[in-house]
Amino acid sequence: MLKKIKCLIVLFSVFISFSSAQIGNQLGYHPKAEKRLFYPGQFANTDFKVLDMKGDVVFEGTTSSDKEWEYSGTSVCLADFSTLSKKGQYELIIKGRNDADPILISTSIYEDLSKALVKSFYHARVSVEILKEFAGEYARPAGHPDDKVIIHSSAASKQRAAGSTISSPGGWYDAGDFNKYIVNSSITTYSMLHAVEMYPERVKLMNLNIPESGNATPDLLDETIVNIKWMLTMQDPNDGGVYHKLTSKKFCGIKMPHKDLSDRYVVMKSTAATLDFAATMAKAARVIKDYKTDYQALEKECETAAHYAWLWAMANPSVLYKQADDIKTGQYKDDKIADEWFWAASELYLLSSDKKYLKKVDFDSTNFGVPQWGRVSSLGLYSILTQNDGKAKVSGEKKTAKKKLLFQADKLVKEFENSAYRISITKFPWGSNSEVANQGVLLLQAYHLTNDSKYLKAADACASYILGANPLDYSFVTGFGRKSPMHIHERRSESDGIDAPVPGLLAGGPTLQAQHDCGKNKYPSEFPAMSYLDKECSFSTNEIAINWNAAAVYLFIGLESIYNEGNY
Ligand code: 9MR
């Protein structure tokens, strides 16, 4: 009997300590950042203290009252110790709870993380061997040479007949699959270029140990140029139009890249892909001009390609992507392309100061929202707002752009301030974690415009959410944090025979879209913020993708730069 009671007590205390686990940024906090841990509602209005490693109390406080988050159905209170700003290792002890929760405060909290987020792009390179000296145990043979890519019937032209081949090697695999998509590559490449432009000092410090390390170019830009070079091959030299994607006919099975020998095709040119390409190449030309040593010809190549693409788009203003019957891979289909026009026109005007582009920078033609692959107008705002070479005259545009951007940022700040988990996200699309990361990026633009710390705080909260301050208690970047995804939907990590996935990959995150992917009723919850599975079958919540990672790259480099190099 006594044995039974003891057993029950043990079980009960295991339950208590499990159910009362704290939630927070699993990497820690920068001394200048806000700092908080979340506890279940039962700890509301309770005293807590923070002790240093000598056991001295360095902070005392009381938790907030509890609050429910409508997107998770869970209630939390928070222990806020933001004013504690001395670097070090601490423990937080809350009354009524036996466990002490570890806290790290450090200035280099995001250093390894941001390097790994960028390094994951090296692991995703197509057509080249991934070498042991750079990739360690994740070294692998080259996959997909892409030197004989077939012109699909949808892409046939007078000079390039269906069935003929072109060479289009390199770039990065898009995601868990092995295809390459221009629309998605564009926002990805732009995000990385914008980080190079905004945070040059921090970016120069980042040694990624990639083949180009040691040349005169920052590694982040070297890595980005790998994809720019591939993108350039996707433009038809005969007319300037850009193929929507380079793909096999259907997704291949789970295997290593070099084992996938499927035929690869370029499919139809689309206006969205061509405009996205034009915008990205225009931005690339402007960024690369300051780093020409290793890439003498590239600035000009990007500039020419951008103008040429625009010409095709003007002649073909609304060619929407339509998936051919025999092609079954990702679509990146977008039927609203006023935002692509706005973005491309903005970038081309900033590059050339040619009024013909300015005429198309029409703020009333499109909606502005948090960027994602099919909603790119705000990327034009970012570029207009940060243009500082004075070439194109944009003072009027800057005023309007500022208004449009702050309108969105203020909405996000309001959500952040009112939400139980102190986070701005309210919609959970496919890749919801990248929605969070892109909100963070937008908030950082607002911070740079205004120096108002409310934007920085909300951006920092996006970073913390990604790293564990979420109701699922997951740090969503592989290899980082106490509990991070181990079974991502990603063909390389699934078939390389190594338990841990490639580090530095951002999992898509909770969403209610495509909840059938692991079978019926397999997800733990119908709440959008809870609908996540760390399972390989979960392509809707546990895939990775270059555009998602790129937003995180920007966010974490931005925060590091502001905290460590800025005046904040
Ligand atoms: O990120 C894309 C998401 O917005 C779409 O809802 C989803 C379904 O069409 O596709 C996502 O993109 C995938 C692409 O089509 C193929 N490569 C993997 C991408 C990430 O899941």
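Whatever order the structure lists them in is the order used to number ligands and atoms, beginning at 1.
The nearest heavy-atom contact from the protein to atom 18 (C) of ligand 1 is Glu543 OE2, 3.1 Å. Remark: minimum distance from atom 15 (O) of ligand 1 to any protein heavy atom is reached at Gly330 CA, 3.1 Å. Atom 2 (C) of ligand 1 has Trp373 NE1, 3.5 Å as its closest protein atom, hydrogens excluded (heavy atom only). Considering only non-hydrogen protein atoms, atom 12 (O) of ligand 1 sits nearest to Tyr332 OH, 3.3 Å.
Atom CH2 of residue Trp312 and atom CG of residue Asp239 lie 7.5 Å apart, to the nearest 0.5 angstrom. Note that OG1 of Thr366 is 4.5 Å distant from CG of Asp339, once rounded to the nearest 0.5 Å.
Under 4.0 Å from ligand 1, the heavy atoms of Gln513 that appear belong solely to its side chain. For Phe539, no heavy-atom contact with ligand 1 is shorter than 4.0 Å.
Of the polar atoms of Asn547, none of the N or O atoms is found under 3.5 Å from an N or O of ligand 1, judged by distance alone.
Ion pairing between Glu223 and Arg125 holds under the 4.0 Å rule for side-chain N and carboxylate O.
By the 30° and 60° cut-offs, the orientation of the rings of Phe476 relative to Tyr474 is parallel.
Ring centroid separation for the pair Phe368 and Phe342 comes in under the 6.0 Å cut-off.
With ligand atoms numbered from 1 in the order given, ligand 1 contributes 16 (C) to contacts under 4.0 Å with heavy atoms of Tyr181.
No hydrogens or angles considered: a donor-acceptor pair under 3.5 Å links the side chains of Ser383 and Lys283. Looking only at atom types and distance, the side chain of Ser154 has no donor-acceptor partner in the side chain of Tyr265 under 3.5 Å away.
Atom 5 (C) of ligand 1 has its nearest heavy-atom neighbour, among Trp548, Phe178, Trp430, in Trp430.
In this structure, atom 9 (O) of ligand 1 is not in close contact with the protein, since no protein heavy atom lies within 4.0 Å of it.
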